Amino acid sequence: MAKLKGRDVSVSIEIDGGGKELLALSRDADVDVSCDVAEFTSPLSGRAKRSRAGRYSWTVNIGTLIEASNQPARLLELLKSGASLTLTMDVDLLNEAGNSCVLQGNAYTTRWAIGAPLQGLATFSASFVGDGELSLLPKRNPSPTPRP
């Protein structure tokens, strides 16, 4: 099985139903999904605890070099306004059928930072908190097959 490299991960956003915009190649790109687990046994029922899975939540953190674009400024405006965006993380995950998929969900921008730590080059980082489901969707073929 082929190993994925960091450069194989990309994050894109869609704002207000507009087209997808590439936001970051993976200098840093992390998705974190966690699940609340609650104990439901009494301390008097025995030594082994029993637990039940509850709701899950997800976050995405990205970091990239700044290019001459307005994306950092647009994300700052989204954070300040509280507007939602659609976030897609392309990681070449495989579903149960073995088809290549992407992670996608609605999110809010929760952190925004600009700095210059990488050999004097300007960097940009942002964090997002998911709003609802994080879906595993089939990857769309970016270039349609030519018709005969």
Side-chain angles (χ1 to χ4, degrees), residues 1-41 49-147:
M1 176 178 264
K3 295 192 186 324
L4 293 177
K5 298 187 182 325
R7 67 178 177 264
D8 295 329
V9 177
S10 65
V11 177
S12 59
I13 59 170
E14 187 176 325
I15 303 168
D16 297 329
K20 277 191 183 171
E21 301 175 29
L22 184 64
L23 183 61
L25 292 174
S26 68
R27 185 179 80 75
D28 293 317
D30 304 310
V31 62
D32 183 11
V33 182
S34 60
C35 180
D36 297 330
V37 177
E39 180 184 346
F40 69 91
T41 52
K49 291 182 180 181
R50 297 295 310 254
S51 299
R52 179 167 289 142
R55 299 176 300 166
Y56 75 93
S57 60
W58 58 278
T59 60
V60 172
N61 298 299
I62 59 113
T64 187
L65 296 175
I66 296 178
E67 295 181 353
S69 76
N70 66 346
Q71 284 178 333
R74 289 180 71 200
L75 283 176
L76 177 60
E77 291 304 317
L78 286 171
L79 183 146
K80 289 172 22 180
S81 70
S84 177
L85 55 85
T86 301
L87 190 135
T88 302
M89 190 170 197
D90 186 343
V91 210
D92 266 337
L93 294 173
L94 300 179
N95 64 10
E96 291 177 3
N99 299 321
S100 190
C101 294
V102 297
L103 294 168
Q104 187 175 76
N106 292 330
Y108 291 99
T109 308
T110 59
R111 188 182 66 79
W112 183 91
I114 289 181
L118 189 62
Q119 300 173 3
L121 299 174
T123 59
F124 166 68
S125 60
S127 297
F128 307 91
V129 170
D131 179 33
E133 296 290 326
L134 178 63
S135 302
L136 190 60
L137 301 175
K139 188 184 286 191
R140 296 183 190 175
N141 188 354
S143 54
T145 53
R147 290 186 165 172

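Note: hydrogens, waters and symmetry copies are ignored here, and every other heavy atom, side chains too, is used. Source: prediction; values computed, not measured.
Closest non-hydrogen pair, Thr41 versus Lys49, comes out as OG1-CA, 3.8 Å. For the pair Phe128 and Thr109, the tightest heavy-atom approach, listed with the atom from each and the gap, is CE2-OG1, 3.4 Å. The two atoms that bring Ser51 and Phe40 nearest to each other are O-CE2, 3.3 Å, heavy atoms only. A pairwise comparison of heavy atoms in Gly54 and Cys35 identifies O-SG, 3.7 Å as the closest pair.
The shortest distance between side-chain heavy atoms of Val31 and Leu134 falls below 4.5 Å.
The structure places OG1 of Thr86 at 10.0 Å from CG of Asp131, a figure rounded to the nearest 0.5 Å. Taking CG of Asp36 as the reference point, atom CZ of Arg52 lies at 14.0 Å (rounded to 0.5 Å). Distance OH/Tyr108 to CG/Leu79: 12.5 Å, rounded to 0.5 Å. Taking CE of Met89 as the start and CG of Leu136 as the end, the distance is 13.0 Å to the nearest 0.5 Å. Once rounded to the nearest 0.5 Å, the distance linking OG1 of Thr59 with CG of Asp32 reads 4.5 Å.
Salt bridge Arg74/Glu77: absent, no basic N to carboxylate O contact under 4.0 Å.
Judged by distance alone, the side chains of Arg111 and Ser127 do bring a donor and an acceptor atom under 3.5 Å apart.
The main-chain N or O of Phe124 is never found under 3.5 Å from a side-chain atom of Trp112 such that the two would form a donor-acceptor pair.
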Query raised in the report: Could you walk me through whether Leu75 and Leu85 pass the side chain to side chain contact (heavy atoms under 4.5 Å, CB included) check?
Result: CA-CA 10 Å; Leu75 283 176; Leu85 55 85; 3.9 Å; yes

Query raised in the report: Between Leu103 and Thr88, is a side chain to side chain contact (heavy atoms under 4.5 Å, CB included) present by the stated rule, with each step listed?
Result: CA-CA 6 Å; Leu103 294 168; Thr88 302; over 6 Å; no

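By the salt bridge (charged side-chain N to carboxylate O under 4.0 Å, His left out) test, Glu133 pairs with no residue at all, sequence neighbours left out.
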